[in-house]
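The residues of the chain are indexed from 1 along the displayed sequence. The structure presented is a predicted model; accordingly, all values stated were derived computationally and were not measured. Indexing begins at 1, ligand by ligand and atom by atom, following the structure's order.
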Amino acid sequence: MQSMTPAQSTAATAEMICQIKQLKKDRNAVILAHNYQIAEIQDLADYVGDSLGLSRQAAATTSEVIVFCGVHFMAETAAILCPDKRVLLPEPEAGCSLAASIDLDDLKAWKAEHPQATVVSYVNTSAAIKAESDYCCTSSNALKVVQSIAPDREILFLPDQFLGSWVKKMTGRQNMHIWMGECHVHAAVPPSSIDCKLREFPQAELLIHPECGCLTPYLDRITQDNGSCQLKVTSTEGMLKRAHDSAAIEFVVATETGILHRLQKENPGKVFHPIDRKMNCQYMKMITLEKLHRSLVEDVFPISVPEAVKEKARRSLEAMISIF
Ligand code: 13P
Ligand code: SF4
């Protein structure tokens with residue numbers, strides 16, 4: 001078979017986008033996409049955002065079908081929050097190394113060691129883990145969730161060690177135990193990258209996701225500077241807001257490179273440098289236009305959560321949502 005010319009390929013993509021838009025109408029579907037998705041998916045989605053924003057959008061939608069362009073735990077969260085909707089994930093293998101870093105037996109054993117503790121789980125966890133948790137949190141609200149818990153209550157925070165260390169440092173909380181999980185994309189960046197990039201771009205502001213392994217040696221600097229420092233630790237949506245509000249025109253971005261598309265699109269006069277071009281989440285990038293199209297045509301892949309798990313998991317998610 002002959003391969004397509006660039007012009008044919010552009011026309012085929014445009015045709016596919018047209019069909020997806022029509023299918024979306026026909027099926028009364030909404031397309032939600034995470035900030036790490038490929039540019040074409042972001043541009044087509046009804047809403048693009050971080051984990052918290054996507055949960056809120058899912059909970060508020062009136063559409064019958066939610067097509068989740070993200071990873072499995074995100075689609076599962078939508079299925080928990082919207083029991084009467086059909087939630088589709090275009091690629092069932094789109095997992096998350098961080099969510100996989102703790103399983104139910106691990107959590108049950110940990111809880112048994114600390115029977116009085118309040119369990120706070122990052123949203124990057126399975127529904128089964130959420131069901132065994134008191135609170136869920138995202139990178140946008142982890143500080144507020146922990147601050148809302150009585151100071152004398154012991155906390156088990158899971159599964160991300162770097163997010164956990166940042167929350168512990170910022171809240172000054174001593175009675176917080178942290179699971180040693182990590183995301184392979186964010187953990188891989190060494191602390192030396194920060195100094196290296198700041199030397200290369202001395203005027204730039206550094207936007208760092210709290211899952212980043214490079215963050216830990218800088219925690220003292222961030223705390224002491226009380227927010228005025230060149231380093232801003234924030235969720236992916238927080239990065240968008242900061243890039244918009246900041247007087248800086250140059251930024252170094254320490255998170256998955258998919259976010260650069262929106263940062264650049266929404267701030268055409270500003271410059272964004274990835275801290276490391278290799279920050280690529282292969283799970284997020286499994287979703288393609290072809291798979292999104294197939295998802296709407298063939299009604300695949302539905303995400304369901306067992307009733308008993310769903311009920312308990314919803315409580316930890318609602319405990320989080322009720323704080324705001
Ligand atoms: P955000 O909620 O900040 O978008 O993070 C989700 C995630 O998976 C980060 O790797
Ligand atoms: Fe999970 Fe890391 Fe990918 Fe985020 S970037 S979805 S934490 S594997």
Side-chain angles (χ1 to χ4, degrees), residues 32-38 41-42 45 47-59 68-78 81 89-102 120-126 129-130 136-145 157-164 166-167 179-189 207-215 232-243 253-263 274-287 303 317 320-321 324:
L32 304 183
H34 187 263
N35 286 321
Y36 298 160
Q37 289 290 293
I38 59 168
I41 298 277
Q42 292 192 31
Y47 176 83
V48 186
D50 67 358
S51 308
L52 181 63
L54 290 165
S55 307
R56 286 203 172 120
Q57 288 293 320
F68 216 110
C69 297
V71 293
H72 192 271
F73 77 81
M74 295 179 173
E76 223 179 28
T77 301
L81 289 172
L89 181 64
E91 169 51 67
E93 297 298 316
C96 168
S97 57
L98 178 55
S101 66
I102 188 164
V120 180
S121 291
Y122 191 33
V123 70
N124 298 43
T125 45
S126 66
I129 295 286
K130 289 185 179 80
C136 200
C137 73
T138 72
S139 54
S140 301
N141 59 25
L143 284 176
K144 285 186 187 162
V145 169
F157 188 95
L158 64 103
D160 191 76
Q161 56 176 302
F162 302 113
L163 173 68
W166 175 66
V167 171
W179 191 257
M180 295 306 279
E182 61 184 34
C183 150
H184 71 295
V185 179
H186 288 84
V189 181
L207 306 175
I208 311 180
H209 196 278
E211 283 175 26
C212 281
C214 57
L215 180 61
K232 305 283 176 214
V233 182
T234 180
S235 73
T236 56
E237 201 59 29
M239 290 182 182
L240 268 306
K241 185 172 174 352
R242 179 66 202 169
V253 182
T255 196
E256 212 273 353
T257 52
I259 194 156
L260 295 167
H261 175 65
R262 247 188 98 192
L263 281 168
I275 196 160
D276 187 338
R277 289 219 169 266
K278 292 195 289 298
M279 288 191 80
N280 177 48
C281 174
Q282 68 267 43
Y283 302 114
M284 284 282 180
K285 301 303 196 267
M286 282 179 172
I287 313 286
I303 300 299
L317 281 162
M320 165 184 89
I321 290 170
F324 306 97

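Gly181 approaches Leu98 most closely through the heavy-atom pair C-CD1, 4.1 Å. Of all heavy-atom pairs spanning Ile41 and Ala33, the tightest one is CG2-CB, 4.1 Å. The heavy-atom pair separating Phe157 from Leu163 by the smallest distance is CZ-CD2, 3.6 Å. Closest approach of Met284 and Gly70 over heavy atoms only: SD-CA, 4.1 Å. Ser101 and Glu182 get closest at one heavy-atom pair: OG-N, 4.0 Å. Here the closest heavy-atom approach between residue Asp276 and residue Thr257 is recorded as O-CG2, 3.9 Å.
With hydrogens left out, the protein atom closest to atom 3 (O) of ligand 1 is Ser139 OG, 2.6 Å, a heavy atom. The protein heavy-atom contact nearest to atom 5 (O) of ligand 1 is His209 NE2, 3.3 Å. For atom 1 (Fe) of ligand 2, the closest non-hydrogen atom of the protein is Cys96 SG, 2.4 Å. Among protein heavy atoms, the minimum distance from atom 2 (Fe) of ligand 2 is reached at Cys183 SG, 2.3 Å. Among all protein heavy atoms, the one lying closest to atom 4 (Fe) of ligand 2 is Tyr36 CE1, 3.9 Å. Counting only heavy atoms of the protein, atom 10 (O) of ligand 1 lies nearest to Glu211 OE1, 3.0 Å. When only non-hydrogen protein atoms are considered, atom 2 (O) of ligand 1 lies nearest to Ser51 OG, 2.8 Å.
Annotation for ligand 1: atoms under 4.0 Å from non-hydrogen atoms of Tyr36 are 7 (C), 9 (C), 10 (O). Listed by atom number, the atoms of ligand 1 under 4.0 Å from Ser235 heavy atoms are 3 (O). Which parts of ligand 2 touch His184 is read off a 4.0 Å heavy-atom cut-off, strictly below it: atoms 8 (S). Short contacts between ligand 1 and His186, defined as distances under 4.0 Å to a heavy atom of the residue, involve ligand atoms 10 (O). The atoms of ligand 2 that sit less than 4.0 Å from any heavy atom of Asn124 are 7 (S). For ligand 2, the atoms sitting less than 4.0 Å from at least one non-hydrogen atom of Ser97 are 8 (S), numbered in the order shown with element in parentheses.
In this structure, the side chains of His184 and Gln282 come closer than 4.5 Å at one or more pairs of heavy atoms. For the pair Ser140 and Asp50, the minimum side-chain heavy-atom distance is below 4.5 Å. Between Val123 and Thr77 there is a side-chain heavy-atom pair separated by less than 4.5 Å.
Distances shorter than 4.0 angstrom do not occur between any heavy atom of Glu237 and any atom of ligand 1. In this structure, Glu256 falls outside the shell of residues with a heavy atom less than 4.0 angstrom from ligand 2. Every heavy atom of His34 sits 4.0 Å or more from the atoms of ligand 2. Heavy-atom distances between His34 and ligand 1 reach below 4.0 Å in at least one pair.
Atom CD of Glu256 is separated from atom NE2 of His186 by 7.5 Å, given to the nearest 0.5 angstrom.
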Kindly indicate, with the supporting measurements, whether the criterion side-chain contact (heavy atoms from CB on, under 4.5 Å) is fulfilled by Arg56 and Tyr47. CA-CA 11 Å; Arg56 286 203 172 120; Tyr47 176 83; over 6 Å; no

Check step by step if salt bridge (charged side-chain N to carboxylate O under 4.0 Å, His left out) holds for Glu91 and Lys285. CA-CA 10 Å; Glu91 169 51 67; Lys285 301 303 196 267; over 6 Å; no

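Checked against a 3.5 angstrom limit, the closest N/O atoms of Asn124 and ligand 1 fall inside it. Where the criterion is an N or O separation shorter than 3.5 Å, residue side chain and backbone included, Asn35 fails it with respect to ligand 1.
When non-hydrogen atoms are compared, ligand 1 lies under 4.0 Å from the backbone of Asp50 as well as from its side chain.
Here the rule is side chain to side chain contact (heavy atoms under 4.5 Å, CB included) with Pro274, and of Leu260, Thr255, Ile259 only Leu260 fits it.
Residue contact annotation: Cys281 places an N/O/S atom under 2.8 Å from atom 3 (Fe) of ligand 2.
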